[in-house]
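Here is how names work: the chains are called A, B, and so on, in the same order as the sequence lines, proteins then strands, and each is numbered from 1.
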There are 2 protein chains.
Amino acid sequence: MKSTLPERVKGVCSPPSIPLPLTRVDASVELLKALADPTRLQMIGVLKRSAQPLCICDFTAAFELSQPTISHHMGKLRDAGLVDVTKAGIWAYYRLNSHLDAKTRALLEVLV
Amino acid sequence: MKSTLPERVKGVCSPPSIPLPLTRVDASVELLKALADPTRLQMIGVLKRSAQPLCICDFTAAFELSQPTISHHMGKLRDAGLVDVTKAGIWAYYRLNSHLDAKTRALLEVLV
DNA sequence: CGATTCCATCGACAAACGTCGATCTTTTGA
DNA sequence: TCAAAAGATCGACGTTTGTCGATGGAATCG
């Protein structure tokens, strides 16, 4: 079953209208970039499954990466609004942001 | 309403188990990277809404980017398995891959 | 054949990114 | 008061990415 292709004339292009609002595209891209890294995606997966907020030193022990790198990745997730942090003493506890909008929640539901 | 934080002892970290299979993480990251660009996300949005396959020259006219750059982005979407191409004469017609798995379809449903 | 059109590929370049060691701040506790 | 621990930030480094102009290949048409 083969659908017919649209007819064309040489030298004539009809640009399609861009359907997505620019602000929405930018927001989505920012979110996608925050998630498009193996370490960060794993972090989100761990946090999504955890009933308790998790100390960042636990992530440092779990991944074979240096402490600054773990901190860097968690900072990216923080900047993207995906996680919240609570400091207590010398520890920093992270958890999934509980106020994520519906689209973001749906995305995480699919991904992790 | 404040949930209590887990108790901790200095110098003792308990790494959480990594919940996501490595192959799944890699596949997801590849998909996310393919989508994490404004131009490519717009392209997917256009293709998702189009009943007809679209000629790449139409995209070249729609975006303020050079022809090689448009081709480069479409190639990335092709490598990620998101779009299919049909060549006819001098034209290359692109459409959304009709055999996307359920997770990917769900992702696109949320995003574009 | 020769010119034209579409499109992919190549090479180059700047910007962004992931990673690390070193350093600094804050908090704890002896 | 001082040492140790957690974690953020800084500076540097190599890699990846987005972009372009130039080139090459295939199809079309006079």
Work out which heavy atom in B/A36 is nearest to a heavy atom in A/L32; give both atom names and the distance. CB-CB, 3.7 Å
If you look at every strand shown and take non-hydrogen atoms under 4.0 Å, does A/Y94 touch a base, only sugar-phosphate, or nothing? sugar-phosphate
Side chains of residues 13-26 of chain B: which donor-acceptor pairs under 3.5 Å do they make with residues two or more places apart or in other chains?
residue : atom : partner : partner atom : Å
B/R24   : NH2  : A/V110  : O            : 3.2
B/R24   : NH2  : A/L111  : O            : 2.9

In residues 23-40 of chain A, which residues come under 4.0 Å of DNA chain D by heavy atom? none
Contact letters for nucleotides 22-29 of chain D, in which S counts primed atoms plus P, OP1 and OP2 and B counts the base, heavy atoms under 4.0 Å: B----BB-
Considering only heavy side-chain atoms of A/C13, the closest of D/dA6, D/dA8, C/dC6 is C/dC6
So, do A/V83 and A/I44 sit near enough that their side-chain heavy atoms are less than 4.5 Å apart? yes
Check: A/N97 and A/T104 side chains under 4.5 Å, non-hydrogen atoms: no
CG of A/L54 versus C1' of D/dA6: gap in Å, rounded? 16 Å
Verify, without hydrogens or angle tests, whether A/R49 (side chain) and A/G45 (backbone) share a donor-acceptor contact under 3.5 angstrom. yes
Starting at OH of A/Y93 and ending at C1' of D/dG7, how long is that distance when rounded to a whole Å? 13 Å
Residue pair B/S71 / B/Q67, side-chain heavy-atom distance below 4.5 Å: yes
Under 4.0 Å: is that the gap between some side-chain N or O of B/S71 and OP1 or OP2 of C/dA8? yes
Side-chain touch A/S28/B/L41, heavy atoms, less than 4.5 angstrom: yes
Value in whole Å for how far the P atom of D/dG7 lies from CD1 of A/I70: 11 Å
Would you call A/L107 and A/L35 a side-chain contact if the rule is heavy atoms closer than 4.5 Å? yes
Would you mind classifying the nucleic acid contact of B/L65 as base, sugar-phosphate or nothing, using non-hydrogen atoms under 4.0 angstrom? sugar-phosphate
So, is B/T69 near the phosphate of D/dC20, with a side-chain N or O under 4.0 Å from OP1 or OP2? yes
In whole Å, I'd like the distance from the CE atom of A/M43 to the P atom of C/dG18. 12 Å
Is it true that a side-chain atom of B/Y93 and a backbone atom of B/Q52 form a donor plus acceptor pair closer than 3.5 Å? no
Can you tell me the distance, in whole Å, between the CZ atom of A/R8 and the C1' atom of C/dC7? 13 Å
Between the main-chain N or O of A/K33 and the side-chain N or O of A/R40, is there a donor-acceptor pair closer than 3.5 Å? yes
Listed once per pair and sorted, the salt bridge (charged side-chain N to carboxylate O under 4.0 Å, His left out) pairs that draw on residues 70-85 of chain B, sequence neighbours left out: none
Rounding to a whole Å, what distance do you find between A/F63:CZ and C/dG18:P? 14 Å
Which residues in residues 72-80 of chain A have a heavy atom closer than 4.0 Å to any atom of DNA chain C? A/H72, A/H73, A/K76
In whole angstrom, give the distance that lies between atom NZ of B/K87 and atom P of C/dC7. 9 Å
With sequence neighbours left out, which residue pairs that include part of residues 58-69 of chain B fulfil the salt bridge (charged side-chain N to carboxylate O under 4.0 Å, His left out) condition? A/R8-B/D58
